[in-house]
Amino acid sequence: MNEKITVFGIRIEILLILLLILIIILAVALFFTIRRLEYINRKYAAVMGGKKGKDLEKIILTRFKEMDKVKNNARRVTSEHKQFKGHLDSCINKVGLVKYDAFENVTGGLSFSLALLDQENSGVVLNTMHSRDGCYTYAKEIIKGESFITLSSEEKEALKKAQTVEEEIEELTSPDETFDID
């Protein structure tokens, strides 16, 4: 009586074990599905808490209108920013000043060279020499950091200061050293 019972060509004991494993896998999947459904239900209840569908629809439509207004404002501000940036690039935004004594008999650093440049390093260098007899001012055009007229050493120094003013500002504002507080 030691007959082996088979179903679909598989021994019944093996078939039962496979079915038991399948039941366990399905039970675990069901458990995780129920947990996920509870999570989704909690989220749904939080969103719909006390609101009817029509109220929620009004709220969503209002938010979309507000988002459209914000988007339009952002476009307008971006456009205005581009216009202002274009104007600012052509304005004088780099300045270099060197004070010195032009003549031996006059002291106090009343003479000066002043470089006034735009974003592209174009502008003018003004040189004012003060003496006992009077004050003399000269202007020399600067195009992209170069002058077609020979510059004095003070004018060159003022021009260099103006061209490197952004780097100096970055050095002053960027923290090079970190301080440990013990």
Side-chain angles (χ1 to χ4, degrees), residues 39-40 42-44 46-51 54-182:
Y39 173 77
I40 291 172
R42 281 195 306 271
K43 291 290 186 180
Y44 178 76
V47 168
M48 296 299 288
K51 302 287 182 190
K54 289 284 184 185
D55 293 339
L56 189 59
E57 183 180 355
K58 286 179 186 176
I59 291 170
I60 290 171
L61 291 175
T62 302
R63 294 297 178 245
F64 278 138
K65 287 178 185 175
E66 290 172 357
M67 287 172 36
D68 287 340
K69 287 179 184 177
V70 168
K71 194 180 346 177
N72 289 335
N73 269 343
R75 285 185 185 132
R76 181 185 54 78
V77 168
T78 301
S79 173
E80 289 174 1
H81 175 261
K82 286 179 184 176
Q83 287 176 339
F84 288 134
K85 187 170 179 345
H87 293 301
L88 287 176
D89 285 346
S90 64
C91 293
I92 291 172
N93 55 19
K94 297 178 184 181
V95 177
L97 175 66
V98 175
K99 294 180 78 175
Y100 64 97
D101 292 321
F103 303 102
E104 292 178 18
N105 60 351
V106 178
T107 60
L110 297 176
S111 299
F112 64 89
S113 289
L114 176 65
L116 303 169
L117 304 175
D118 63 10
Q119 192 64 31
E120 295 178 356
N121 291 329
S122 295
V124 66
V125 172
L126 299 174
N127 189 22
T128 300
M129 294 187 295
H130 183 76
S131 72
R132 292 199 190 279
D133 297 329
C135 186
Y136 306 95
T137 302
Y138 303 94
K140 297 179 183 175
E141 185 178 20
I142 305 297
I143 300 172
K144 297 192 183 202
E146 299 291 327
S147 172
F148 296 108
I149 301 172
T150 305
L151 299 176
S152 70
S153 61
E154 293 83 9
E155 291 169 331
K156 288 178 185 175
E157 186 179 349
L159 182 60
K160 184 178 179 186
K161 278 185 175 184
Q163 290 172 332
T164 59
V165 71
E166 290 173 341
E167 296 165 10
E168 291 177 22
I169 291 171
E170 284 180 24
E171 286 178 15
L172 292 173
T173 57
S174 66
D176 291 338
E177 300 177 18
T178 57
F179 298 101
D180 294 329
I181 300 174
D182 293 326

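Along the sequence shown, residues are numbered consecutively beginning with 1.
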side-chain contact (heavy atoms from CB on, under 4.5 Å) with [X]: which residues, sequence neighbours excluded?
{"X": "Asn93", "answer": "Gln119"}
{"X": "Gln163", "answer": "Leu117, Asn121, Leu159"}
{"X": "Ile40", "answer": "Arg36"}
{"X": "Phe64", "answer": "Ile60, Met67"}

message: For Phe112 and Leu97: C-alpha separation, side-chain torsions, deciding distance, then whether side chain to side chain contact (heavy atoms under 4.5 Å, CB included) applies.
response: CA-CA 7 Å; Phe112 64 89; Leu97 175 66; 3.9 Å; yes

Which pair of non-hydrogen atoms, one from [X] and one from [Y], has the smallest distance, and what is that distance?
{"X": "Leu114", "Y": "Ala158", "answer": "N-CB, 4.4 Å"}
{"X": "Tyr100", "Y": "Val98", "answer": "CD2-O, 3.8 Å"}
{"X": "Ala162", "Y": "Gly96", "answer": "CB-N, 3.5 Å"}

Measuring from [X]:[atom1] to [Y]:[atom2], what's the distance to the nearest 0.5 Å?
{"X": "Asn73", "Y": "Glu80", "atom1": "CG", "atom2": "CD", "result": "9.0 Å"}
{"X": "His130", "Y": "Lys99", "atom1": "NE2", "atom2": "NZ", "result": "11.0 Å"}
{"X": "Ser131", "Y": "Asp101", "atom1": "OG", "atom2": "CG", "result": "12.0 Å"}

Tell me every residue that passes side chain to side chain donor-acceptor pair (under 3.5 Å) with [X], counting only those two or more places apart in sequence or in another chain.
{"X": "Gln83", "answer": "none"}
{"X": "Thr137", "answer": "Thr128"}
{"X": "Lys161", "answer": "none"}
{"X": "Lys140", "answer": "Glu155"}

- prompt: Are side-chain heavy atoms of Ser122 and Ile142 found at a separation under 4.5 Å?
  reply: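 The answer is no, as the side chains (C-beta and beyond) never meet within the 4.5 Å cut-off.
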
- request: Report yes if the side chains of Val124 and Leu116 come closer than 4.5 Å at any heavy-atom pair, otherwise no.
  value: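 Yes, close enough: below the 4.5 Å cut-off.
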
- request: Report the C-alpha distance between Ile149 and Tyr138 in whole Å, list the side-chain angles of each, state the deciding distance to 0.1 Å, and finish with yes or no for side chain to side chain contact (heavy atoms under 4.5 Å, CB included).
  value: CA-CA 11 Å; Ile149 301 172; Tyr138 303 94; over 6 Å; no

Residue from His81, Lys82, Arg76 passing side-chain contact (heavy atoms from CB on, under 4.5 Å) with Thr78: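 For Thr78, the side-chain contact (heavy atoms from CB on, under 4.5 Å) test succeeds with only one of His81, Lys82, Arg76, which is Lys82.
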
- request: Report the residues that fulfil salt bridge (Lys or Arg N to Asp or Glu O under 4.0 Å) with Arg42, sequence neighbours left out, ordered by chain and then residue number.
  value: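 Arg42 satisfies salt bridge (Lys or Arg N to Asp or Glu O under 4.0 Å) with no other residue.
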
Residues forming a salt bridge (Lys or Arg N to Asp or Glu O under 4.0 Å) with Arg75, sequence neighbours excluded: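 Arg75 satisfies salt bridge (Lys or Arg N to Asp or Glu O under 4.0 Å) with no residue once adjacent residues are dropped.
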
- prompt: Does Arg63 come within less than 4.0 Å of Glu66, counting only side-chain N to carboxylate O?
  reply: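 So Arg63 pairs with Glu66 through a salt bridge.
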
